[in-house]
There are 2 protein chains.
Amino acid sequence: MARWEPNASGRLREAAMALYTERGYEQTTVGDIAERAGLTARTFFRYFADKREVLFAGSEALEGALRSAVDEAPEDASPMQVVAAVLDGIAALIGRDRDYSRQRQVVIDATPELQERELIKLARLALVLRDALRARGVSDPEAGLAAETALAIVRVGFDRWINTDDERELADVLRESLARLETLVAP
Amino acid sequence: MARWEPNASGRLREAAMALYTERGYEQTTVGDIAERAGLTARTFFRYFADKREVLFAGSEALEGALRSAVDEAPEDASPMQVVAAVLDGIAALIGRDRDYSRQRQVVIDATPELQERELIKLARLALVLRDALRARGVSDPEAGLAAETALAIVRVGFDRWINTDDERELADVLRESLARLETLVAP
DNA sequence: CACGTGATGTCACACCGTGTCATTAGAATC
DNA sequence: GATTCTAATGACACGGTGTGACATCACGTG
């Protein structure tokens, strides 16, 4: 038996998601979230750095998955082949629950503050990818460009995956976006 | 003769830049900035939406320049040719004062909050570019990909322009990054 | 000179996020 | 089973952010 009601962090995440959806991010105070979770605002800030972060738990897991995908790619894979593998890894993690992704994205799209947080999370992912590519010998500007390109594909593909009725897996949409980019950017 | 000391907005910008550089963003209060500019905190918030925005005045001008560059591109230019023109337009605007850009970037790089704001400004630029491309007939996923690609080049190229000793113009660095990307991403 | 107008100041306020210390519920030990 | 230890939580105070409401000031205009 746990000491207190179990899963405080999860309760806070759920409460926040519910309130952000019901009345909007700005109309929700940290006190509201904590109260709904049966806790206090002070405890909220022990689990999450700020009011935004509660929607972005799990981004560390994404970074880990990204690193793994790069590490497990064949030694002789080209940078863009590694990118393709990374896209698969990302899709496997965030491509499971499209309804949840949609609800979360509605909240984020309605709130500039949350968009900022999402963008910096993606930027961090790009840095992790860039460094992982460097670590396997990709030269300097190429690694950065490949990483930025990968994230560009994620942005565009994820948006498409969320905002269309078509039932394809996220991984498939990302692969298609990559293919499109290759032909688009061809000199 | 002006009614009060002229150029309140400019004084606030300078004061903020100076204080952010001297003691750091977090160690500076809005009251400090206003005092240095001979104003009050309340007046600061009449000119800038928040403490971060004071470093990002002029981003509307960038959006305008971007739109102009797209509009003035030849009718039959390919999406990536339009992107090239846009890169020139951006370079003309932010490529003038490398020392100022460096100082500003030092502050931003030291402050996650400011990085978030910079990222959302760039994302807005990408949206403006995407819509401008759509307006000239570029199809849907291509327009988004081209816009994201352009911004990826700006990120990587601007970083390179700031962090190297080589004396080339920003426009040249951006063109080189574009060329690199084309060969990198070629299937 | 009186008046209007826009920029600035003053004040009050809700909320954010943090430091500090007290309290609690269970685990561990004897 | 009582005592002690420990980690999660609560309570409180506080500085800072950002906003609404209203007063004030400096100047142009009639």
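Sequence lines set the chain letters: A, B, ... in the order given, protein chains first and strands last, and positions in each chain run from 1. Just so it is clear, the structure is predicted and the values come from calculations on it, not from any experiment.
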Is the shortest side-chain N to carboxylate O distance from [X] to [Y] below 4.0 Å?
{"X": "B/Asp50", "Y": "B/Arg117", "result": "yes"}
{"X": "A/Asp71", "Y": "A/Arg136", "result": "no"}
{"X": "A/Glu53", "Y": "A/Lys121", "result": "yes"}
{"X": "A/Glu176", "Y": "A/Arg180", "result": "yes"}
{"X": "B/Arg98", "Y": "B/Glu167", "result": "yes"}

Establish, from distance only, whether the side-chain atoms of B/Tyr25 and B/Arg52 form a donor-acceptor pair under 3.5 Å.
yes

Ignoring hydrogens and angles, state whether a donor on the side chain of B/Gln103 or B/Thr21 is under 3.5 Å from an acceptor on the partner side chain.
yes

Mind checking if A/Ala41 touches a base, just sugar-phosphate, or nothing, with heavy atoms under 4.0 Å?
nothing

Using a heavy-atom cut-off of under 4.0 Å over every strand shown, decide if A/Tyr47 touches base, sugar-phosphate, or nothing.
sugar-phosphate

Which whole-number value in Å describes the distance from [X] [atom1] to [N] [atom2]?
{"X": "B/Phe45", "N": "C/dA7", "atom1": "CZ", "atom2": "P", "result": "19 Å"}
{"X": "B/Glu113", "N": "D/dT17", "atom1": "CD", "atom2": "C1'", "result": "10 Å"}
{"X": "B/Glu53", "N": "D/dT19", "atom1": "CD", "atom2": "P", "result": "12 Å"}
{"X": "A/Asp50", "N": "D/dG18", "atom1": "CG", "atom2": "P", "result": "13 Å"}
{"X": "B/Phe44", "N": "C/dT8", "atom1": "CZ", "atom2": "P", "result": "14 Å"}
{"X": "A/Lys51", "N": "C/dG17", "atom1": "NZ", "atom2": "P", "result": "8 Å"}

Determine whether a donor-acceptor pair (one donor, one acceptor, N or O, separation below 3.5 Å) exists between the side chain of B/Arg46 and the base of C/dG6.
no

Scan residues 32-39 of chain A against DNA chain D and write down, sorted by residue number, each residue with any heavy atom closer than 4.0 Å; if none is found, say none.
A/Gly38, A/Leu39

List the residues meeting side chain to side chain contact (heavy atoms under 4.5 Å, CB included) with B/Ala18, not counting sequence neighbours, and say none if there are none.
B/Glu22, B/Arg36

B/Glu118: which of B/Arg155, B/Arg104, B/Glu113 passes side-chain contact (heavy atoms from CB on, under 4.5 Å)
B/Arg104

Taking only heavy atoms on the protein side, list every residue of residues 15-29 of chain B lying under 4.0 Å from any atom of DNA chain C, sorted numerically.
none

Looking at C/dG9, D/dG10, C/dG19, which one has an atom nearest to any side-chain atom of A/Thr43?
D/dG10

Counting only side-chain N and O atoms of A/Arg42, is one of them less than 4.0 Å from OP1 or OP2 of D/dC14?
no

